[in-house]
Novice: 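One structure is given below, represented as C-alpha cells, and several questions about it will come after.
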Amino acid sequence: MVFDKTGTLTYGQPEVVRVILLLKEKVFTSRLFMAVLGLAEGRSEHPLGEAITRFASRELGGDPVGDVTEFEAEPGLGMRCSVKDIELNSSKQQIALYQNKTSVITRRAEIIESDRNNVSSLLSLATEYKVLVGNRMWMARNGINIPEDVEKDIVSHEQQGQTVVLAAINSILCGVLAIADQVKPEARGTVAALRRMGLRVAMLTGDNWRTAEAIAQQVGIYPEDVNAEVLPSHKKTLIESYQQGKTKVAMVGDGINDSPALAQADVGIAIGTGTDVAVEAADIVLVKNDLTDVVAAIDLSRKTVRKIRMNFVWAVLYNAIGLPIAAGVFSPLGVSIQPWMAAAAMALSSVTVVCNSLLLRCVCYRKPQLSERERGSSYLQQSSERGSKTRLHSGAKNEEKVPLLSEGKENRASSWSDYGTRSSNV
C-alpha cells in the first residue's frame with residue numbers, strides 16, 4: 001500500500017509558519033518582498049504556491065498589484081517568472097505588515113552581506129524582478145548558493161516536518177519560507193491497521209528526506225518504506241518498481257500528479273475531495289476525506305471475496321447432491337422427487353446464495369474500528385531499532401530507488417529513537 005503524502009496523509013492545506021528575510025530593510029523592504037512573491041505565486045496551481053499567495057495577501061492587507069510575465073513552472077522543483085509594475089501605495093497594506101503583532105516574518109540580514117557588490121542596484125533600484133521560487137535543487141540549477149547559516153535554518157524546519165521554500169530575486173537569495181501541512185489524526189491508526197492486515201505500507205513524496213522522515217515518524221511508516229524527492233513524472237516509475245516480482249500494489253492519492261501512478265497501480269484509490277483527474281484514474285473513490293475508509297475498503301473486499309467463495313462451494317455441493325436425485329439416479333433405492341420439487345429446490349438455491357451475500361450489508365459487516373494501540377504512539381516503538389533507510393530520488397537521471405543512508409553520513413539519524421533525540425518537536 002503506497003500513500004502519497006500531501007493531501008493524503010496530510011490535509012493538503014499548507015500554511016506559511018515562518019518567513020526569514022535575508023537582506024536589510026533598506027536594500028529590499030518586507031512589503032516589496034511579499035508583493036513580489038505573492039504576484040509570482042499567484043500563477044501557480046501548486047498547494048505550496050497557493051499557501052504563499054494567501055500569506056502574502058494576508059500580510060499586505062489585500063492582493064498585490066503588478067504584472068507577471070514569462071511564468072514557467074518545473075514540476076517537483078519550483079517556478080520562475082518576471083514581475084514588474086508593482087504598486088505599494090496602500091497605507092492599509094503598510095499597517096497590516098508592520099503593526100501585525102502575530103506576523104511570522106523575521107529578518108536575518110546578517111547572513112547575507114547587504115553591501116556586497118551590485119546587491120543594492122540589483123534589488124532596490126530595479127523596476128523588474130526575475131523571481132525564482134523552489135527547493136534546493138531548483139536553486140542549484142539556477143546557480144543560487146545557499147549560505148551555511150541558511151542551511152541550518154532549513155534543516156531545523158525540515159526536522160519538524162515542515163517544507164522549506166527558497167526565494168531568489170534577480171539571482172540573489174532573499175528569503176526562506178517554512179510551510180507546514182498538518183497530518184490527519186487518523187493517519188497513524190490507518191497505517192497500523194493496514195500493517196496488522198499483513199500489508200506493507202510505503203510513502204512517496206516530492207519533499208526532501210528530512211521532512212519525509214519526520215512525517216513518516218508521525219504516522220508510523222518505517223524509514224525503508226519512505227521515498228523522498230520523487231518528481232511527479234517518476235511516481236509511475238516507482239509504482240512499477242514495486243510491482244516487480246508480481247507484487248500487487250495499491251496506491252492512495254488525490255492530486256493531478258498522482259493520476260499516472262493511480263492508473264499504473266493494481267488498485268488505485270483516490271480521495272473523493274481530490275482532483276477530478278485522480279478520481280477518474282482510480283479504481284476506488286473514497287467519498288469522505290477519511291483514511292480509515294482505506295482500511296474499510298480492503299476489509300470489505302476481502303470479506304466479499306470470501307462470500308463469493310462460500311457461495312460457490314455451497315452451490316457446487318447443493319447441485320452435486322440435488323441434480324442426481326432430480327435425474328432419478330437413486331430411484332431404485334426409493335429416493336426420488338417430483339419435478340415441481342426440483343424447480344423449488346433450484347429456486348431455493350438461488351435465494352440462499354443471494355441472502356448469504358446480503359448478510360454483508362445487513363448483518364455481518366461492520367466497518368473496522370482502530371484500536372487504542374493503533375491510535376497511540378506505542379506502535380512507533382516497533383520502529384525504534386530500525387535503521388534510517390529513506391530512498392532518495394534525485395532528478396530525471398535517477399529513476400531507480402537509491403538508499404540515501406551510506407557509510408560516513410553522520411548527519412543522518414540511524415534510528416527513530418536517535419531521530420527523536422535530534423528533533424524533539426516532531
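All figures in this text were calculated on a predicted structure; none of them were measured in a lab. Hydrogens, waters and symmetry mates play no part in the numbers below; they use all other heavy atoms, side chains included.
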Novice: Quick one: do Leu291 and Phe3 satisfy side-chain contact (heavy atoms from CB on, under 4.5 Å)? Show the steps, please.
Specialist: CA-CA 10 Å; Leu291 288 179; Phe3 284 92; 4.1 Å; yes
Novice: Between the main-chain N or O of Lys130 and the side-chain N or O of Asn170, is there a donor-acceptor pair closer than 3.5 Å?
Specialist: yes
Novice: Just jot down the side-chain hydrogen bond (donor to acceptor under 3.5 Å, both in side chains) partners of Thr53, sequence neighbours excluded, or say none.
Specialist: none
Novice: Let's go through Phe55 and Ile179 carefully: what are the C-alpha distance in whole Å and the side-chain angles of both, what is the deciding distance for side-chain contact (heavy atoms from CB on, under 4.5 Å) to 0.1 Å, and is it a yes or a no?
Specialist: CA-CA 10 Å; Phe55 178 80; Ile179 303 176; over 6 Å; no
Novice: Rounded to the nearest 0.5 Å, what's the gap from CD on Gln182 to CG on Leu9? Could you check?
Specialist: 13.0 Å
Novice: Check this for me: does any side-chain nitrogen of one of Glu15 and Arg54 sit under 4.0 Å from a carboxylate oxygen of the other?
Specialist: yes
Novice: Among residues at least two apart in sequence or on other chains, which ones pass side-chain hydrogen bond (donor to acceptor under 3.5 Å, both in side chains) with Glu151?
Specialist: Arg136
Novice: Do Val201 and Asp225 have side chains that get closer than 4.5 Å, going by heavy atoms?
Specialist: no
Novice: Does Arg141 use its side chain to pair, donor to acceptor, with the backbone of Leu77 at less than 3.5 Å?
Specialist: no
Novice: Using side chain to side chain contact (heavy atoms under 4.5 Å, CB included) as the criterion, list what pairs up with Leu300, not counting sequence neighbours.
Specialist: Thr304, Tyr365
Novice: For Lys184, give me all partners under side-chain hydrogen bond (donor to acceptor under 3.5 Å, both in side chains), at least two apart in sequence or on another chain.
Specialist: Asn289
Novice: Could you pull out the closest heavy-atom pair between Val16 and Ala51, with the gap in Å?
Specialist: CG2-O, 3.9 Å
Novice: Please tell me if the side chains of Met203 and Val191 come closer than 4.5 Å, counting only heavy atoms from C-beta onward.
Specialist: no
Novice: Tell me which donor-acceptor pairs under 3.5 Å the side chains of residues 36-45 have, and how far apart each pair is, sequence neighbours excluded?
Specialist:
residue: Arg43; atom: NH2; partner: Val68; partner atom: O; Å: 2.9
residue: Ser44; atom: OG; partner: His46; partner atom: N; Å: 3.1

Novice: Any donor-acceptor pair under 3.5 Å linking the side-chain atoms of Glu70 with those of Ser82?
Specialist: yes
Novice: Are the side chain of Arg31 and the backbone of Leu60 linked by a donor-acceptor contact shorter than 3.5 Å?
Specialist: no
Novice: Testing the basics here: between Ser57 and Pro64, what is the closest heavy-atom pair and its distance to 0.1 Å?
Specialist: OG-CD, 4.1 Å
Novice: I'd like to check Leu286 versus Ile284 (side-chain heavy atoms, cut-off strictly below 4.5 Å). Are they in contact?
Specialist: yes
Novice: With a 4.0 Å cut-off, would you call Asp293 and Lys288 a salt bridge?
Specialist: no
Novice: Are the side chain of Thr10 and the backbone of Gly7 linked by a donor-acceptor contact shorter than 3.5 Å?
Specialist: yes
Novice: Mind checking whether Tyr11 and Pro185 have side chains closer than 4.5 Å, heavy atoms only?
Specialist: yes
Novice: Do you know the tightest heavy-atom contact between Leu177 and Ala167?
Specialist: CD1-CB, 4.4 Å
Novice: Which atom pair, heavy atoms only, marks the closest approach of Val219 to Ala187?
Specialist: CG1-CB, 3.7 Å
Novice: With sequence neighbours excluded, what pairs up with Lys248 under the side chain to side chain contact (heavy atoms under 4.5 Å, CB included) test?
Specialist: Asp266
Novice: Using the six-membered ring of Tyr242, assess whether NZ or CZ of Arg200 lies under 6.0 Å from its centre and within 45 degrees of the ring axis.
Specialist: no
Novice: Name all residues meeting the side chain to side chain contact (heavy atoms under 4.5 Å, CB included) criterion together with Val17; count only those two or more places apart in sequence or in a different chain, and write none if there are none.
Specialist: Gln162, Ala178, Ala180
Novice: Could you tell me whether the side chain of Val287 reaches within less than 4.5 Å of the side chain of Val285, counting heavy atoms only?
Specialist: no
Novice: Which residues pass the salt bridge (Lys or Arg N to Asp or Glu O under 4.0 Å) test with Asp181, sequence neighbours left out?
Specialist: none
Novice: Under the side-chain hydrogen bond (donor to acceptor under 3.5 Å, both in side chains) test, which residues partner Asn356, sequence neighbours left out?
Specialist: Lys307, Asn311
Novice: Between Thr352 and Leu348, which heavy-atom pair has the shortest distance, and what is it?
Specialist: OG1-O, 2.7 Å
Novice: Considering all heavy atoms of both residues, which atom of Asp258 and which atom of Gly253 are nearest to each other, and what is their separation?
Specialist: OD2-CA, 3.6 Å
Novice: Less than 4.5 Å apart, any side-chain heavy atom of Val176 and any of Asp153?
Specialist: no
Novice: Looking at OG1 of Thr205 and NZ of Lys235, how far apart are the two atoms once the value is rounded to the nearest 0.5 Å?
Specialist: 7.0 Å
Novice: What distance separates Leu199 CG from Met1 CE, expressed to the nearest 0.5 Å?
Specialist: 6.0 Å
Novice: So how far is it from Arg210 CZ to Gln159 CD, rounded to the nearest 0.5 Å?
Specialist: 6.5 Å
Novice: Between Val165 and Ile52, is there a side-chain heavy-atom distance shorter than 4.5 Å?
Specialist: yes
Novice: From Leu132 CG over to Leu173 CG, what is the distance, rounded to the nearest 0.5 angstrom?
Specialist: 10.0 Å
Novice: What's the verdict on side-chain contact (heavy atoms from CB on, under 4.5 Å) for Glu229 and Asn135, showing C-alpha distance, side-chain angles and the deciding distance?
Specialist: CA-CA 10 Å; Glu229 299 184 22; Asn135 55 24; over 6 Å; no
Novice: Check ring-ring contact (aromatic ring centres under 6.0 Å, His included) between Tyr318 and all other residues, then give those that pass, not counting sequence neighbours.
Specialist: Trp314
Novice: Can you list the residues that meet the side chain to side chain contact (heavy atoms under 4.5 Å, CB included) rule with Ala265, with sequence neighbours excluded?
Specialist: Ile239, Met251
Novice: Apply salt bridge (Lys or Arg N to Asp or Glu O under 4.0 Å) to Glu148 and list each qualifying residue two or more places apart in sequence or on a separate chain.
Specialist: none
Novice: Is a side-chain donor or acceptor of Asp290 paired with a backbone partner of Thr292 at a separation under 3.5 angstrom?
Specialist: yes
Novice: Any side-chain heavy atom of Leu23 sitting closer than 4.5 Å to one from Phe33?
Specialist: no
Novice: Quick check for you: to the nearest 0.5 Å, what is the distance between Asp4 atom CG and Ile271 atom CD1?
Specialist: 9.5 Å
